[in-house]
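So that the names make sense, note that chain A is the first sequence line, chain B the second, and so on, each numbered from 1.
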2 protein chains.
Amino acid sequence: MALSNVAERTTSTDLIFDSLYERIVSLELLPGTKISETEVAKSLGYSRQPVREAFTRLANLNLLLIRPQRATLVRPFSLELIADARFMRLAIELEVVRQAAAIPVPGAVKKLRSSIKAQREAVNTGDTQAFHDLDYEFHKLMCEAAGRPAAFQIISENKAQVDRLCVLSLTSPETMETLFADHVAILEAMMDHNALRAEEVLRQHLSRLDPVIDAIYTTHRAYFEH
Amino acid sequence: MALSNVAERTTSTDLIFDSLYERIVSLELLPGTKISETEVAKSLGYSRQPVREAFTRLANLNLLLIRPQRATLVRPFSLELIADARFMRLAIELEVVRQAAAIPVPGAVKKLRSSIKAQREAVNTGDTQAFHDLDYEFHKLMCEAAGRPAAFQIISENKAQVDRLCVLSLTSPETMETLFADHVAILEAMMDHNALRAEEVLRQHLSRLDPVIDAIYTTHRAYFEH
DNA sequence: ACGCCAAAACTTGTATACTAGTCAACCTGA
DNA sequence: TCAGGTTGACTAGTATACAAGTTTTGGCGT
């Protein structure tokens with residue numbers, strides 16, 4: 001995952017962070033679960049210190065909620081936080097596609113095209129997992145095409161907040177086809193240097209999660225705040 | 001300053017963080033300065049532990065550069081990091097003004113108007129410090145007007161990267177007037193629900209730093225990476 | 001004088017002990 | 001039976017000791 005900034009060396013903290021991150025985003029650790037520094041330290045075979053630092057990082061990503069002297073929880077879903085995260089992602093990605101449409105970085109279009117090809121494959125075979133991975137990569141490539149690879153780190157951090165929620169909803173073949181069509185349209189607009197069109201499609205693309213989130217809110221309210 | 005997420009209690013770490021943050025952004029601690037956990041701990045009268053956590057936070061904001069087993073530096077300026085930070089701010093603030101222009105939060109316009117009034121006062125009296133503070137507040141109010149107060153936290157984090165650089169350049173009365181005029185224009189466009197115009201002015205507003213940064217790069221290259 | 005090597009004086013990473021605050025269960029009294 | 005207070009078992013925050021790695025420095029040999 002390597003969310004760490006400039007990992008000049010892999011520390012225990014990094015390993016613990018990655019392990020917990022995975023488990024939280026995959027919902028192996030459910031929202032609201034109490035999680036203790038001591039317990040994690042014991043179970044992973046480290047001391048409290050690196051666990052503590054990993055906790056701090058995860059809390060900064062709004063994945064843990066540290067209540068001093070009380071307990072630390074896997075942060076419950078929050079409509080507010082989710083809305084903020086989605087806003088941030090939308091804002092950044094809009095500017096990304098605008099700049100990518102204006103002056104795409106040389107070579108980027110080729111990579112995007114080949115990603116599209118792989119996506120088509122995944123759609124045809126109905127391989128949702130592969131499509132999910134390719135989706136991740138596509139948006140990353142888009143940032144690179146805009147000359148702002150660092151932007152993807154922020155997008156990714158905000159995605160996490162939403163991704164762990166979407167684990168609760170199945171990706172149907174139809175959804176996959178729709179998302180794929182969006183990607184194609186975005187790339188086409190970008191290659192036409194049509195920033196406005198790219199913007200428009202991207203907005204629609206990201207808003208497709210609206211009903212999904214609403215649905216999960218009604219079916220899994222126990223995992224939400226309050 | 002209170003950059004901490006949900007400060008339910010003020011800890012030593014918080015105090016140390018705030019202290020260092022202030023000193024770094026004000027350039028009391030120059031880029032490239034070596035800074036040691038032990039030294040800071042001794043000088044502030046704490047143990048290494050909370051200092052260490054404060055270091056971690058500052059490193060996440062790209063204000064410190066921790067080189068394991070080697071040393072920790074006040075992070076030198078980096079054109080790359082500055083460009084990324086400015087991109088992020090631009091992206092977020094563009095969407096902010098768009099949404100504020102579309103459906104401003106009730107009551108927000110009034111606050112913005114009164115901020116403008118105070119800014120005019122500062123411009124007339126030539127009080128650059130007051131104007132700087134009001135500028136900070138204006139952009140914060142804009143986020144509130146868009147219904148996304150959390151967005152300002154991100155903007156603020158990215159501003160820090162640039163602000164400590166701009167300490168090196170004097171704010172002339174002419175600059176102040178220009179920035180003020182921009183603010184007025186943004187608010188007017190917003191009140192007219194003219195998102196495109198607001199966007200346009202904002203882009204120009206934020207790009208006014210271009211020559212300032214270029215100038216500092218030539219005059220203070222020693223503070224930059226490499 | 002110069003180059004190399006070794007040791008000492010740093011650095012941050014990790015482990016552990018201790019402090020202080022919070023909560024829940026249980027006991028005591030009515 | 002129930003209300004209230006005390007106690008103990010948690011929690012995270014802090015201090016300190018130790019480990020592991022890097023840099024600097026100084027001395028030795030050439």
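- For the contact set between residues 27-36 of chain A and DNA chain D, defined by any heavy atom under 4.0 Å, the members are A/I35, A/S36.
- Counting only residues at least two apart or in different chains, salt bridge (Lys or Arg N to Asp or Glu O under 4.0 Å) contacts with residues 216-225 of chain A comprise A/R75-A/E225.
- When the side-chain contact (heavy atoms from CB on, under 4.5 Å) test is applied to A/S172, the partners found at least two apart in sequence or on another chain are A/E174, A/T175.
- Taking each heavy atom of A/A91 and B/E95 in turn, the nearest pair found is CB-CB, 3.7 Å.
- Contacts classified as salt bridge (Lys or Arg N to Asp or Glu O under 4.0 Å) and involving residues 27-47 of chain A (residues at least two apart or in different chains) are given here: A/R23-A/E28, A/E37-A/R48, A/E37-A/R52.
- Rounded to a whole Å, the CZ atom of A/R67 is 23 Å from the P atom of C/dA20.
- With sequence neighbours excluded, the residues forming a ring-ring contact (aromatic ring centres under 6.0 Å, His included) with A/F224 are A/F77, A/Y217, listed by chain and number.
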Between the protein and nucleotides 16-19 of chain D, list the N/O to N/O atom pairs that are separated by less than 3.5 angstrom.
none

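- Nucleotide D/dG13 holds its P atom 11 Å from the CZ atom of A/F55, rounded to whole Å.
- Take A/H132 and apply the ring-ring contact (aromatic ring centres under 6.0 Å, His included) test, not counting sequence neighbours, and it matches no residue.
- Look at CG on A/L44: it is 12 Å from P on C/dA15, rounded to the nearest Å.
- A close approach under 4.0 Å does not occur between any side-chain nitrogen or oxygen of B/T11 and OP1 or OP2 of D/dG13.
- Dashed line: the shortest gap from a side-chain N or O of A/T13 to OP1 or OP2 of C/dT14 is under 4.0 Å.
- Under the side-chain contact (heavy atoms from CB on, under 4.5 Å) criterion, B/V162 pairs with B/I82, B/R86, B/C166, B/L209, B/I213, not counting sequence neighbours.
- Separating the CZ atom of A/R70 from the P atom of C/dT22 is a distance of 6 Å, rounded to the nearest angstrom.
- Within the structure, salt bridge (Lys or Arg N to Asp or Glu O under 4.0 Å) pairs that include any residue of residues 127-144 of chain A do not occur (at least two apart or interchain).
- Regarding B/R52, its CZ atom lies at a distance of 8 Å from the P atom of C/dT12, rounded to whole Å.
- Neither OP1 nor OP2 of C/dG13 sits under 4.0 Å from any side-chain N or O of A/S12.
- Between A/H183 and A/H139, the angle of the ring planes goes over 60°, which puts this pair in the perpendicular group of the 30/60° scheme.
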